[in-house]
Amino acid sequence: MPELPEVEVVRRGLERWVAGRAVATVEVHHPRAVRRHLEGTDHFVAALTGRTLTAAHRRGKYLWLPLAEPDGTPAGQALVGHLGMSGQLLVEKPAKPDETHLRARVTFTDGGRELRFVDQRTFGGLAVEEADGDDIPPRLAHIAIDPLDGSFDADAFSAALRRRRTEVKRALLDQTLIGGVGNIYADESLWRARLHGTRPTDRLTRAQVADLLEGVRDVLTESLEQGGTSFDSLYVDVNGRSGYFSRHLAVYGQVDRPCPRCGTPIVRESFMNRSSYSCPRCQPSPRTRRTSAEPRARRS
Ligand SMILES: [Zn+2]
């Protein structure tokens, strides 16, 4: 599943290869790929054709590309995309054979490389939505700004996290609190901060929250520099290259391998119907701490 750094890699690819080009034709090969365009497939095609994709922006895992009319005036709309579980946005030469799971194709008036939306499981999708200039489309505005965004407010995040009465991993995965942190980066960040995912947020110290945020930033930034993470063969960047950050994971998917910090075998636990990976020594669970170190009566 593409996570935030992968989507940022795709955004940069779109900015480089697609921004500034005028759409010649649009083909939709599967109606599910445009199901969020409520007016239907024909309307989607008409809304894109003849317009220019002026830039590529991102909020969380959503991408949006503002549209301009042929005379250059803003169209008041943007192409919005989400990669879902398995989506890819590929920039390909027109002669390249179609991918098996090609869902939509956009060609450009310059006759150069075309944009293809490929999605095996079709949880992702494209839509044209209202958007004012480069502003975020209203449907996406509730998504929290992520730590890779220059306007991310670390103090506000820390205060909001410590006000929550929840488990810290649940908070990291809450897209209204912090954008774009999925299961893999949550586990890696928690390991860096030496926190078990079920630790209660309202009991974290300021220093622990600061360590956690630093962990999130570092793991996202390192992944971005390396071109995104490839956990299944489905993710490739906008030009079809796989990321390779997976080689550098400390805990995610590393069950029974030694913790890179202390050598203790990494364990896998079930959390929110998914797997969580942690070092039982560096990241003791609150349950372990309670039975071994803290009297139960102190916990409500
Ligand atoms: Zn360890």
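Both counts, for ligands and for their atoms, begin at 1 and track the order of listing. FYI, the numbering just counts along the sequence from 1.
Partners of Glu114 under the salt bridge (Lys or Arg N to Asp or Glu O under 4.0 Å) rule, at least two apart in sequence or in another chain, are Arg105, Arg116. With sequence neighbours excluded, no residue forms a side chain to side chain contact (heavy atoms under 4.5 Å, CB included) with Pro265. For Arg194, the side chain to side chain contact (heavy atoms under 4.5 Å, CB included) test picks out Arg261, with sequence neighbours left out.
Taking the charged nitrogens against the carboxylate oxygens, Arg58 and Asp149 have no contact shorter than 4.0 Å, which rules out a salt bridge. Arg12 and Glu15 are not joined by a salt bridge, as no carboxylate oxygen comes within less than 4.0 angstrom of a charged side-chain nitrogen.
Of all protein N, O or S atoms, those under 2.8 Å from the Zn ion (ligand 1) number 4.
Closest heavy-atom contact between Ala171 and Thr201: CB-CG2, 4.0 Å.
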